[in-house]
Protein chains: 2
Amino acid sequence: MKPRNTKAKTKIKELIISSYTALSQSEIQNSLQGLCDRVTIYRVLERLLDEDIIHKIVNTDGVIKFASCQSCSSEHSHNHIHFSCQKCKSLTCLEDVEPTYKLPNNYKVSEMNFTLSGLCPQCS
Amino acid sequence: MKPRNTKAKTKIKELIISSYTALSQSEIQNSLQGLCDRVTIYRVLERLLDEDIIHKIVNTDGVIKFASCQSCSSEHSHNHIHFSCQKCKSLTCLEDVEPTYKLPNNYKVSEMNFTLSGLCPQCS
DNA sequence: ATTACTTTTGCAACATTGTTGCATTAAGGA
DNA sequence: TCCTTAATGCAACAATGTTGCAAAAGTAAT
């Protein structure tokens with residue numbers, strides 16, 4: 001199972017890397033303009049996740065989005081905050097923000113999902 | 001538009017209030033055993049949200065869940081942490097945990113969505 | 001209890017999102 | 001160029017959520 005570079009994969013990877021905001025499957029589909037099947041997009045996204053090229057974020061409305069981020073590749077930590085703008089609907093990574101919190105005993109944390117919503121700098 | 005108390009609404013409200021964990025639409029549907037239509041559940045949940053009896057939480061996998069919590073009714077603040085157990089799949093409110101974070105300028109925050117995943121006390 | 005008003009429900013139909021199986025296509029190393 | 005197998009397209013399906021409309025059921029007044 002050696003991964004191959006196909007038209008679809010290359011294009012989708014480019015799209016996500018060059019996008020400032022996280023993209024959903026349907027947004028990607030619209031950008032591709034029929035370059036490949038809907039199913040292929042799902043499968044390519046899965047592969048890009050496996051290869052740690054992108055990461056997955058659940059938006060505050062439950063819509064799943066995909067983004068690449070700088071720190072991912074180097075430090076392999078996807079534990080950063082995301083910001084969801086209620087006006088322009090953009091979802092962005094705030095990679096430098098590290099929240100602190102104090103949990104009760106006996107909870108073992110392995111992942112964090114932290115999204116703030118409101119107005120982004122462009123919209124406020 | 002004066003809200004009415006119907007069988008479906010009463011039962012669903014009871015279900016959510018008496019549940020320790022947040023419930024999804026499908027979990028509610030299974031509990032109701034055909035008491036009402038699928039569509040009715042969606043509509044009742046919407047009304048309960050409007051009336052601030054329950055609140056909505058997006059789980060880490062994008063599944064939307066509903067819960068009632070003590071502090072909601074009194075302080076009207078849904079800004080607390082949630083915990084999603086990867087083993088028993090439960091989603092619970094951690095109402096006393098208040099995270100701190102420092103955002104860059106120009107972001108206006110109006111809502112918070114913070115879910116930690118891992119193992120809950122029962123499962124760890 | 002009956003009536004009248006309006007909310008709520010059920011049903012059917014539809015839209016969106018995501019998954020799976022399988023035959024076909026194409027990437028890339030020999 | 002050939003060969004192997006990863007990747008794709010298509011069809012079919014499942015799950016989740018939404019909408020319109022006629023019928024049913026709350027609730028307040030009589």
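Chain identifiers are assigned alphabetically (A, B, ...) following the order of the sequence lines, protein sequences preceding nucleic acid strands; residue numbering begins at 1 within each chain.
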>> Does the plane of the ring in A:F114 sit parallel, tilted or perpendicular to the ring in B:F114? Use 30° and 60° as the thresholds.
In response: parallel

>> To check you understand the geometry: which heavy-atom pair defines the closest contact between A:H82 and A:L91, and what is its length?
In response: CB-CD1, 4.0 Å

>> If I compare all heavy atoms of B:P104 with all of A:V97, which pair ends up nearest, and what's the gap?
In response: CD-CG2, 4.0 Å

>> Rounding to an integer number of Å, can you tell me how far A:N5 CG sits from D:dT5 P?
In response: 19 Å

>> Side-chain heavy atoms nearer than 4.5 Å, only ILVMFWY residues, links allowed to pass through others: does that put A:M112 and A:L94 together?
In response: yes

>> Regarding B:V44, tell me which of base, sugar-phosphate or nothing describes its non-hydrogen contacts under 4.0 Å with the strands shown.
In response: sugar-phosphate

> What integer distance in Å separates A:K65:NZ from C:dT16:P?
Replying inline: 16 Å

> Taking N and O atoms by type only, does the side chain of B:R43 place a donor or acceptor under 3.5 Å from a partner on the base of C:dG10?
Replying inline: yes

> How many Å lie between CG on A:L45 and P on D:dT8, as a whole number?
Replying inline: 11 Å

> Can you name the residues that form a ring pair (Phe, Tyr, Trp, His ring centres under 6.0 Å) with B:F66, not counting sequence neighbours?
Replying inline: none

> Excluding sequence neighbours, so at least two apart, what forms side-chain contact (heavy atoms from CB on, under 4.5 Å) with B:K9?
Replying inline: B:P3, B:N5, B:T6, B:V44, B:R47, B:L48, B:E51

> What integer distance in Å separates B:E46:CD from C:dT7:C1'?
Replying inline: 14 Å

> What integer distance in Å separates B:Y42:OH from C:dT8:P?
Replying inline: 19 Å

> In residues 29-39 of chain A, which residues come under 4.0 Å of DNA chain C by heavy atom?
Replying inline: A:R38, A:V39

>> By nearest atom, which of the nucleotides D:dA6, C:dG18, C:dT8 is closest to the A:R4 side chain?
In response: D:dA6

>> Can you confirm whether B:L32 sits close enough to B:I41 that some side-chain heavy atom of one is under 4.5 Å from a side-chain heavy atom of the other?
In response: yes

>> So, OP1 or OP2 of C:dA27: does either fall under 4.0 Å of a side-chain N or O from A:T6?
In response: no

> Could you give the CD1-to-P distance, from A:I41 to D:dA7, as a whole number of Å?
Replying inline: 16 Å

> Roughly how many Å is it from NZ in B:K2 to C1' in C:dT6, rounded to a whole number?
Replying inline: 12 Å

>> Quick check on DNA chain D: between B:V63 and B:P3, whose nearest nucleotide comes earlier from the 5' end?
In response: B:V63

> When the distance from NZ of A:K7 to C1' of C:dG28 is rounded to whole Å, what number comes out?
Replying inline: 16 Å

